[in-house]
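Read the structure below first, then the notes.
Quick note on labels: first sequence line is chain A, next is B, and so on, each numbered from 1. Note that these values count all heavy atoms, side chains included, but never hydrogens, waters or copies made by symmetry.
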2 protein chains.
Amino acid sequence: MGVQFECELTEGGALLTSDERFKKARADNAAEAAADYVELIQDLIDEFGEARATDLATHMGVSHVTVSKGLQRLVKNGLVTYRPYRSIFLTEKGRDLARDARERHVVVLQFLLALGVPNLVAEQDAEGMEHHLSPETMAAFSKYLESARAASDVPKN
Amino acid sequence: MGVQFECELTEGGALLTSDERFKKARADNAAEAAADYVELIQDLIDEFGEARATDLATHMGVSHVTVSKGLQRLVKNGLVTYRPYRSIFLTEKGRDLARDARERHVVVLQFLLALGVPNLVAEQDAEGMEHHLSPETMAAFSKYLESARAASDVPKN
DNA sequence: TTAAACATGTAGCCTAAGCTAAATATTGAG
DNA sequence: CTCAATATTTAGCTTAGGCTACATGTTTAA
């Protein structure tokens, strides 16, 4: 453990100060909830043509009150617009974030499935992981997926 | 998105209710901080023979006050014992958790490195991911690691 | 041995994410 | 058109994790 610049991290390099990992992990946490919201909102819109607060609460398994406060925060952060008792809309920024989240989700999920992780577990883990992956790791996952597809040689064509 | 039991999740299955993923992700968050603490405490003990609150603060990049409160919670949860102004010790339970966290960390890190993710990024992402992986996914990572090692044919013996 | 430096702790504040209970607004059936 | 069902918001509480400022305990060096 202990990030420190160039050492062999896996064999107990000296612990240095203020590891960036920790800060990163913390900062991510804030963005995570927002990403979950916009992703689900977009999904609901795609599926049913609109997203309502109650639907969000149901799907996320939290109370409608929690959603109400969450939405207020999304509005404050410019990800969402809505009028009381009306449908929820994503802003440009919100749609971008949703698209991003979605793409990551798909890549991570496919990757786990390709590795042989069972469907349900893969879904859960993808949800847990997808907010914590750097572009580099996402790229590595994609690359693996491609080579795995190539290896199994045009599965169905 | 949308977990729902057996469907093809990757091609927009109908969104069902109260996806378990969300609940899981939330519950994980609480345990995550604790795991980070005990892992770092164990590392400091291994490295320097003891762990002090200030060291934790420095390494985690938070204030000593935050650590103070964090430690109080760890004590409350039976992971740690310490006397004011003295070294911090892990309980049996704390050591178990630390060992677990450590093993997971190593596997995830090795896995990412094997996939070609650069060292520093792999460290960061491992930190982000390691608390969110099911036993099944951990097993899949291990399996991949083994076959990767086998493939590169006894790299150095 | 005592004052400075260092380590810890406490008070009090913030945000986020959760909750229940209660108020209010909208919709839809009679 | 009105009343019940449904949807949303507000108030107020909890826990967790941050913070600064300040208080207090411990070490150490002159």
Per the side chain to side chain contact (heavy atoms under 4.5 Å, CB included) rule, which among [options] passes with [X]?
X: A:His59; options: A:Ile41, A:Asp43, A:Asp36, A:Leu40; result: A:Leu40
X: B:Val108; options: B:Asp125, B:Thr137, B:Leu133; result: B:Leu133
X: A:Leu90; options: A:Thr81, A:Leu97, A:Asp96, A:Val80; result: A:Val80

> Between A:Glu146 and A:Lys143, is there a side-chain N and carboxylate O pair less than 4.0 Å apart?
Replying inline: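 A:Lys143 and A:Glu146: not salt-bridged.
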Length of the [atom1]-[atom2] vector between [X] and [N], whole Å:
X: A:Arg86; N: C:dT26; atom1: CZ; atom2: P; result: 8 Å
X: A:Leu56; N: D:dT8; atom1: CG; atom2: P; result: 9 Å
X: A:His64; N: C:dT20; atom1: NE2; atom2: P; result: 9 Å
X: A:Ile88; N: D:dT9; atom1: CD1; atom2: P; result: 8 Å
X: A:Tyr37; N: C:dG18; atom1: OH; atom2: P; result: 6 Å
X: B:Gln72; N: D:dG18; atom1: CD; atom2: P; result: 14 Å
X: B:Lys76; N: D:dT15; atom1: NZ; atom2: C1'; result: 8 Å
X: A:Glu32; N: C:dG18; atom1: CD; atom2: P; result: 11 Å

Please determine whether a side-chain nitrogen or oxygen atom of [X] lies at a distance below 4.0 Å from atom OP1 or OP2 of [N].
X: B:Arg52; N: C:dT8; value: yes
X: B:Ser68; N: C:dT8; value: no
X: B:Ser63; N: D:dC19; value: yes
X: B:Thr54; N: C:dC6; value: no

>> Under 4.0 Å, heavy atom to any atom of DNA chain D: which of residues 77-85 of chain B qualify?
In response: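 Under 4.0 Å from DNA chain D: B:Tyr85.
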> Is a side-chain donor-acceptor pair under 3.5 Å present for A:His132 with A:Glu32?
Replying inline: yes
> So, B:Gln42 versus B:Asp46: side-chain donor-acceptor pair below 3.5 Å or not?
Replying inline: yes
> Can you name the residues that form a side-chain hydrogen bond (donor to acceptor under 3.5 Å, both in side chains) with A:Ser68, not counting sequence neighbours?
Replying inline: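 So A:Ser68 forms no side-chain hydrogen bond (donor to acceptor under 3.5 Å, both in side chains) with any residue.
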> Across the strands shown, which category fits B:Val62 at heavy-atom distances under 4.0 angstrom: base, sugar-phosphate, nothing?
Replying inline: sugar-phosphate
